[in-house]
Amino acid sequence: MVVFNHEQKNVLDQMLLNHPLVKTGKMFGYPAYYVNKKLCICLYEDGVGLKLPESSVQKILAEDSYVTHFHPLGKPKMREWIQINLPSAEAYWSYKNVFEESINYVYSLYSNE
């Protein structure tokens, strides 16, 4: 059963859908956001997963108690992925720069495809 926070989706839609590189889709049935047809950001259960450079992942994991490794469907942690778990959906606005970094990172990886 796919469970995610609809309020978080509303905030992410407001934040991301006007971005020219971002398209919506699904990841394992969860709402997701793609750049160049590559997964970039997704809702997952109580949080939001996103892809970042490994150096950024290590930094944010060390500094932010709301951030954990991303383990979708019980899979092993993914070195370029984090999950942000915030107490309120509106709080995701304070991570807008992290979402922008994710979009730009994924674009840089796959812009030649």
Side-chain angles (χ1 to χ4, degrees):
M1 175 184 235
V2 173
V3 177
F4 64 92
N5 184 316
H6 291 273
E7 291 175 13
Q8 290 172 351
K9 183 180 182 314
N10 291 338
V11 168
L12 292 181
D13 283 352
Q14 291 172 34
M15 187 187 312
L16 302 173
L17 291 184
N18 289 326
H19 196 292
L21 297 175
V22 175
K23 305 287 184 226
T24 60
K26 299 276 186 186
M27 184 274 313
F28 302 127
Y30 292 90
Y33 304 87
Y34 288 80
V35 171
N36 288 341
K37 299 182 181 178
K38 298 296 182 180
L39 182 62
C40 181
I41 300 162
C42 61
L43 284 101
Y44 183 73
E45 296 181 350
D46 294 327
V48 177
L50 59 154
K51 183 172 185 148
L52 294 168
E54 192 171 0
S55 60
S56 296
V57 167
Q58 296 308 316
K59 183 177 185 219
I60 198 167
L61 283 170
E63 296 175 354
D64 193 327
S65 63
Y66 291 111
V67 176
T68 63
H69 288 285
F70 188 48
H71 295 272
L73 304 173
K75 295 183 183 284
K77 69 181 179 184
M78 301 160 76
R79 66 181 175 86
E80 291 186 319
W81 284 83
I82 59 168
Q83 183 168 331
I84 304 171
N85 303 293
L86 298 174
S88 76
E90 290 297 318
Y92 282 91
W93 282 105
S94 66
Y95 286 78
K96 186 172 182 175
N97 62 329
V98 179
F99 290 105
E100 284 288 332
E101 181 181 6
S102 178
I103 292 165
N104 292 331
Y105 179 58
V106 172
Y107 180 76
S108 74
L109 292 174
Y110 304 106
S111 61
N112 293 327
E113 291 186 6

A.B. asks: How about Val22 and Phe99: do any of their side-chain heavy atoms sit closer than 4.5 Å?
C.D. replies: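 In short, these two side chains do not touch, never coming nearer than 4.5 Å.
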
A.B. asks: Measure the shortest side-chain to side-chain distance between Tyr95 and Leu86 over non-hydrogen atoms and say whether it is less than 4.5 angstrom.
C.D. replies: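 A side-chain contact under 4.5 Å exists here.
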
A.B. asks: Looking only at atom types and distance, does a side-chain atom of Asn5 sit under 3.5 Å from a main-chain N or O of Asp46, one as donor and one as acceptor?
C.D. replies: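 Answer holds: no.
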
A.B. asks: Taking atom CG of Leu39 and atom CG of Leu50, what is their separation to the nearest 0.5 Å?
C.D. replies: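 Going from CG on Leu39 over to CG on Leu50, the span is 10.0 Å.
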
A.B. asks: Report yes or no: do Val3 and Ile84 belong to one cluster of Ile/Leu/Val/Met/Phe/Trp/Tyr joined by side chain heavy-atom distances under 4.5 Å?
C.D. replies: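 No, no single cluster joins them.
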
A.B. asks: I want to check something: taking the side chain as every heavy atom from C-beta on, are Pro53 and Tyr105 in contact at a cut-off of under 4.5 Å?
C.D. replies: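 Yes, close enough: below the 4.5 Å cut-off.
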
A.B. asks: From Cys40 SG over to Met27 CE, what is the distance, rounded to the nearest 0.5 angstrom?
C.D. replies: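 The distance works out to 12.5 Å.
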
A.B. asks: Using 0.5 Å steps for rounding, measure from the CG atom of Leu61 to the NZ atom of Lys77.
C.D. replies: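 These two atoms lie 8.5 Å from each other.
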
A.B. asks: Would you mind reporting whether Ile82 and Thr68 have side-chain heavy atoms less than 4.5 Å apart?
C.D. replies: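 The answer is no; the side chains never approach within 4.5 Å.
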
A.B. asks: Within a strict 4.5 Å, meaning less than it, do heavy atoms of the Met15 and Lys96 side chains meet?
C.D. replies: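 A side-chain contact exists here, since the closest heavy-atom pair is under 4.5 Å.
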
A.B. asks: Please list all pairs passing the salt bridge (charged side-chain N to carboxylate O under 4.0 Å, His left out) test where one or both residues lie in residues 50-64, with sequence neighbours left out.
C.D. replies: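 Non-adjacent pairs meeting salt bridge (charged side-chain N to carboxylate O under 4.0 Å, His left out): Lys51-Glu80, Glu54-Arg79.
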
A.B. asks: Between atom CG of Asn18 and atom CG of Asp13, what is the distance when rounded to the nearest 0.5 Å?
C.D. replies: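 Those atoms lie 10.0 Å apart.
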
A.B. asks: Considering non-hydrogen atoms only, spot the tightest contact between Trp93 and Val11 and give its length.
C.D. replies: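 Result for this residue pair: NE1-CG1, 3.5 Å.
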
A.B. asks: Between atom CG of Leu52 and atom OG of Ser102, what is the distance when rounded to the nearest 0.5 Å?
C.D. replies: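 These two atoms lie 5.0 Å from each other.
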
A.B. asks: Partners of Tyr44 by ring-ring contact (aromatic ring centres under 6.0 Å, His included), sequence neighbours excluded?
C.D. replies: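 By the ring-ring contact (aromatic ring centres under 6.0 Å, His included) rule, Tyr44 matches Tyr30, Phe70.
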
A.B. asks: Take Asn10 and Gln8 through the test side-chain hydrogen bond (donor to acceptor under 3.5 Å, both in side chains) and record every step on the way to the result.
C.D. replies: CA-CA 5 Å; Asn10 291 338; Gln8 290 172 351; over 6 Å; no

A.B. asks: Counting C-beta onward and ignoring hydrogens, is there a side-chain heavy-atom pair between Leu43 and Tyr33 closer than 4.5 Å?
C.D. replies: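 SC-SC contact between Leu43 and Tyr33 confirmed.
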
A.B. asks: For the residue pair Phe4 and Glu45, establish whether any side-chain heavy-atom pair is separated by less than 4.5 Å.
C.D. replies: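 No, their side chains stay 4.5 Å or more apart.
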
A.B. asks: Enter the distance from Ile103:CD1 to Leu16:CG here, rounded to the nearest 0.5 Å.
C.D. replies: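 Answer rounded to 0.5 Å: 5.0 Å.
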
A.B. asks: Does NZ or CZ of Lys23 fall inside the cone over Tyr34's six-membered ring, less than 6.0 Å from its centre and within 45° of the axis?
C.D. replies: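 Not satisfied by the 6.0 Å and 45° rule.
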
A.B. asks: Would you say the side chain of Lys26 lies within less than 4.5 Å of the side chain of Cys42, judging by non-hydrogen atoms?
C.D. replies: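 No, too far: nothing below the 4.5 Å cut-off.
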
